[in-house]
Amino acid sequence: MDADVIIVGAGLAGLVAAQELTGRGRKVAVVEQENAANLGGQAYWSFGGLFLVNSPEQRRLRVRDSFELAWRDWQASAGFDRLDDEDGWAVRWARAYVEFAAGEKRSWIDAQGIKLTPVVGWAERGSLQAEGHGNSVPRFHVAWGTGTGVVGPFVRAAQRAAEAGLLTFHHRRRVDELVVHDGVVTGVRGSVLADDDSPRGVSSSRAVTGSFELSAQAVIVTSGGIGGDHELVRHYWPDRLGTAPQHLITGVPAHVDGRMLAISAKAGARIVNPDRMWHYTEGVQNWDPVWPGHAIRILPGPSSMWFDALGRRLPAPCLPGYDTLGTLKHLRTDPDIARYDHSWFVLTQKILEKEFALSGSEQNPDITSGDRKAVLRNRIFGKGAPAPVDAFKRRGADFVVADTLDELVAKMNGLTDEPLLDADTLRRQIAARDLQVGNPYSKDAQVQGIHNSRRFLGDRLSRTAVPHRILDPQAGPLIGVKLHILTRKSLGGIQTDLDSRALGADGRPVAGLYAAGEAAGFGGGGLHGYNALEGTFLGGCLFSGRQAGRAAAEAIG
């Protein structure tokens, strides 16, 4: 045996599993196709959002939350409808995860050294129905350090374990096959890739220089999802979301290719819910990309007006920050606009300064660096947009700025193959909305949402602009943002039981094989069901990686 346990993938879930194993004295081999600069995987690049229930941060902001409310929200969002089959284990994982988020998670992450910013965000506000999708209260907790602050403790733990002789890194090793003897997974076999010292995230060489094989008592697959392979995304694109876009932009590095899902299936693991996926509708092209096609998601506050490709205002609940997949479905199933792959935000400089954030550790240097004074200066008391947001406004290919609506629409039309927008049509809709912001009452669902948002201290301080007229020159200039569909997460994956053991088509565990993180649909083959509540991807990696590491350590004695 080369190790007690082999972990395929050095992302967050894999590193958490490694910490659990080495902390119990087990010897671990971490196999990763990228170089050492990429430890932490996708999580490193994230905004660092974590879903927590009834946390100290919520209570300080007078947010009343409970397991009962969170579990109701989760079930309403997930819409589990395959309980006798693909969702059988997913729903059990979901309940266990919400119990974790409402219980041990807060103290556990604190013990790992993950510290949280004091402001709780209100992501995925939902479908505007009590029994529908969405978070009833703010639950999005951002870690100091963003994604780097979440993965950092586990990277350091792995490095310490390596120094102690309990962990061995096998970088530039691409797994091509799980070794199976007498129905038991006993190791991995694959290709040695050429040395490549490319910086983190940058696409690396796929030249093969040799082969390798490693053996162990168990293998844990933590290799991520399919978001970097647009053809796989289109292959699994479900009919319920209409037609897949011809043009997609990418929110994950190219090595997020889904290869290990097919390799695991060949070894007997069952892949479930591959048609469930999480892609964002607020993607923009990156003016300074790290990897080819590297794109960024706008994390919008509630005030930007959202228009389709023809300049028609999107209907509620297709509002900024409300219902990700509901908006995606609308854009891809409306027969008038399904042939177009873009939509538009129209906003003011005041909205940009207060409400725009960009997903990614590199786009939030103040939080990523842990500079609390800079956070206060940039996001609470400062004037002007945060520097990364301002850079996109000035240099981003999808941003246009103008003093008048006629000029703005002309520039917006300049970003498409044909002029689809009419200034008078947009003016009529914006003026109608503007009439609704002059008092604290409104029949407009978005304006109601803005007022509701400002009742929450966290949003009033840092995420929601004072209501104002879009066409007020004092709030300008006007800004138009062309939005694309951004690939991100797989919600399905390898079906696992609550011990993270990979299950076969017969529902029985595949001996010696475990899975965690996105490769396992964050647990059970899809604990999110059809919809995510945000802050649940990193948390799903933490929880399922922990479960896999503990179960494997126990099983090998």
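The structure displayed is predicted, hence computed values, not measured ones. Keep in mind that the numbers below use all heavy atoms, side chains included, and drop hydrogens, waters and symmetry copies.
- Side-chain atoms of Arg546 and Ser544 include no donor-acceptor pair closer than 3.5 Å.
- The salt bridge (Lys or Arg N to Asp or Glu O under 4.0 Å) test applied to Lys105 returns no partner, not counting sequence neighbours.
- Scanning for side chain to side chain donor-acceptor pair (under 3.5 Å) contacts around Asp459 gives Arg125, Ser453, with sequence neighbours left out.
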Distance-only donor-acceptor pairs under 3.5 Å for side chains of residues 154-163, two or more places apart:
none

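- Heavy atoms only, all atoms of each residue included: Ala94 and Phe80 are closest at CB-CZ, 3.8 Å.
- Interatomic distance, Leu299 CG to Phe140 CZ, rounded to the nearest 0.5 Å: 6.5 Å.
- Listed by chain and number, the residues in a side chain to side chain donor-acceptor pair (under 3.5 Å) with Asp371 amount to none (sequence neighbours excluded).
- In terms of modelled atom types and a separation under 3.5 Å, the side chain of Thr222 and the main chain of Gly9 share a donor-acceptor contact.
- At a cut-off of 3.5 Å, with distance as the only test, a side-chain donor of Glu34 or Ser204 sits close to an acceptor on the other residue.
- When all heavy atoms are compared, the tightest approach of Leu319 to Thr327 is N-OG1, 4.4 Å.
- Geometrically, Arg234 does not engage Trp237 in a cation-pi contact, judged by NZ or CZ lying under 6.0 Å from the ring centre and within 45° of the ring axis.
- If you check the side chains of His141 and Thr117, you find no donor sitting under 3.5 Å from an acceptor.
- The shortest side-chain heavy-atom distance between Val185 and Val179 does not fall under the 4.5 Å cut-off.
- The ring-ring contact (aromatic ring centres under 6.0 Å, His included) search around His330 returns none, not counting sequence neighbours.
- Nearest heavy-atom pair across Ala552 and Val5 is CB-CG2, 4.4 Å.
- Ile7 places a side-chain heavy atom less than 4.5 Å from the side chain of Leu21.
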> So Ile271 and Gln495, side chain to side chain contact (heavy atoms under 4.5 Å, CB included) or not? Walk me through it.
Replying inline: CA-CA 6 Å; Ile271 310 299; Gln495 191 172 42; over 6 Å; no
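- Residues Val221 and Leu513 meet the side-chain proximity criterion, which asks for heavy atoms closer than 4.5 Å.
- For the residue pair Gln112 and Gln19, a side-chain donor N or O sits within less than 3.5 Å of a side-chain acceptor on the partner.
- Separation of the Tyr322 and Trp306 ring centroids does not fall under the 6.0 Å cut-off.
- No side-chain donor from either of Asn135 and Glu124 sits under 3.5 Å from a side-chain acceptor of the other.
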>> Between Trp74 and Phe51, is the ring pair (Phe, Tyr, Trp, His ring centres under 6.0 Å) condition met? List the steps.
In response: CA-CA 11 Å; Trp74 193 288; Phe51 177 91; 5.7 Å; yes
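- Within the 4.5 Å cutoff, side-chain heavy atoms of Val481 are placed close to those of Phe356.
- Across all non-hydrogen atoms, the minimal contact from Phe522 to Cys541 is CE2-SG, 3.8 Å.
- Listed here is the closest heavy atom pair of Val284 and Lys482: CG1-O, 3.7 Å.
- Judged purely by atom type and a 3.5 angstrom limit, Thr487 uses its side chain to pair as donor or acceptor with the backbone of Gly227.
- The aromatic rings of Phe537 and His528 are tilted relative to each other, their planes meeting at an angle between 30° and 60°.
- Formation of a donor-acceptor pair under 3.5 Å by the Glu57 side chain with backbone atoms of Leu116 is not found in this model.
- Although no hydrogens or angles enter the test, the distance criterion places no donor-acceptor pair under 3.5 Å between the side chain of Trp45 and the main chain of Gly201.
- With Tyr280 as the aromatic partner, Arg488 does not meet the cation-pi criteria of under 6.0 angstrom to the ring centre and within 45 degrees of the ring axis.
- Counting non-hydrogen atoms of neighbouring residues, nucleotides and ligands closer than 6.0 angstrom, the NZ atom of Lys27 reaches no more than 12 such neighbours.
- Listed for the Asn35 side chain is a donor-acceptor partner under 3.5 Å among the backbone atoms of Asp196.
- In this view, Asn364 and Arg379 satisfy the side chain to side chain donor-acceptor pair (under 3.5 Å) rule, not counting sequence neighbours.
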In a table with atom names and distances, give each donor-acceptor pair under 3.5 Å that connects a side chain of residues 243-252 to protein atoms at least two apart or in another chain.
unit_1: Thr243; atom_1: OG1; unit_2: Arg332; atom_2: NH2; d: 3.1
unit_1: Thr250; atom_1: OG1; unit_2: His230; atom_2: NE2; d: 2.6

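- Of the possible polar contacts, none joining the Ser500 side chain to the Tyr514 backbone as a donor-acceptor pair under 3.5 Å is found.
- Heavy atoms only, all atoms of each residue included: Arg550 and Glu20 are closest at NE-OE1, 3.0 Å.
- Counting heavy-atom neighbours within 6.0 Å of Lys115 NZ, excluding the residue itself, gives a total above 12.
- Each of Arg139, Arg297, Lys489 was compared with Glu534 under the salt bridge (charged side-chain N to carboxylate O under 4.0 Å, His left out) criterion, and only Arg297 meets it.
- A cation-pi arrangement, defined by a distance under 6.0 Å to the six-membered ring centre and an angle within 45 degrees of its axis, is present between Arg200 and Tyr44.
- Checked against ring-ring contact (aromatic ring centres under 6.0 Å, His included), Phe169 has the following partners two or more places apart in sequence or in another chain: His171.
- Annotation: side chain to side chain donor-acceptor pair (under 3.5 Å) contacts of Arg501 (sequence neighbours excluded): Asp497.
- Counting heavy atoms from C-beta on, the side chains of Met260 and Gln33 never come closer than 4.5 Å.
- Taking the side-chain contact (heavy atoms from CB on, under 4.5 Å) definition, one finds that Thr496 meets it with Trp93, Ile494, Ala515, Ala520, sequence neighbours left out.
- Under the side chain to side chain contact (heavy atoms under 4.5 Å, CB included) rule, Gln363 has a single partner from Val389, Thr146, Thr368, Asn286, which is Asn286.
- Shown here is Asp499, whose CG atom has more than 12 heavy atoms of other residues, nucleotides or ligands within 6.0 Å.
- The number of heavy atoms from other shown groups lying within 6.0 Å of CZ (Arg240) is above 12.
- At least one side-chain heavy atom of Leu12 sits less than 4.5 Å from a side-chain heavy atom of Leu538.
- Not counting sequence neighbours, Trp144 has no partner by the ring-ring contact (aromatic ring centres under 6.0 Å, His included) test.
- Under the ring-ring contact (aromatic ring centres under 6.0 Å, His included) criterion, Phe47 pairs with no residue at all, not counting sequence neighbours.
- Tyr236 OH: 12 or fewer foreign heavy atoms inside a 6.0 Å radius.
- No hydrogens or angles considered: a donor-acceptor pair under 3.5 Å links the side chains of Asp398 and His484.
- Side-chain contact between Val28 and Leu166: absent, with no pair of heavy atoms (C-beta onward) separated by less than 4.5 Å.
- Exactly one of Arg189, Arg259, Lys266 qualifies for a salt bridge (charged side-chain N to carboxylate O under 4.0 Å, His left out) with Asp176. That residue is Arg259.
- You'll find the side chain of Leu503 stays beyond 4.5 Å of the side chain of Val510, heavy atoms only.
- One side chain, Arg82 or Asn273, offers a donor N or O that lies under 3.5 Å from an acceptor on the other.
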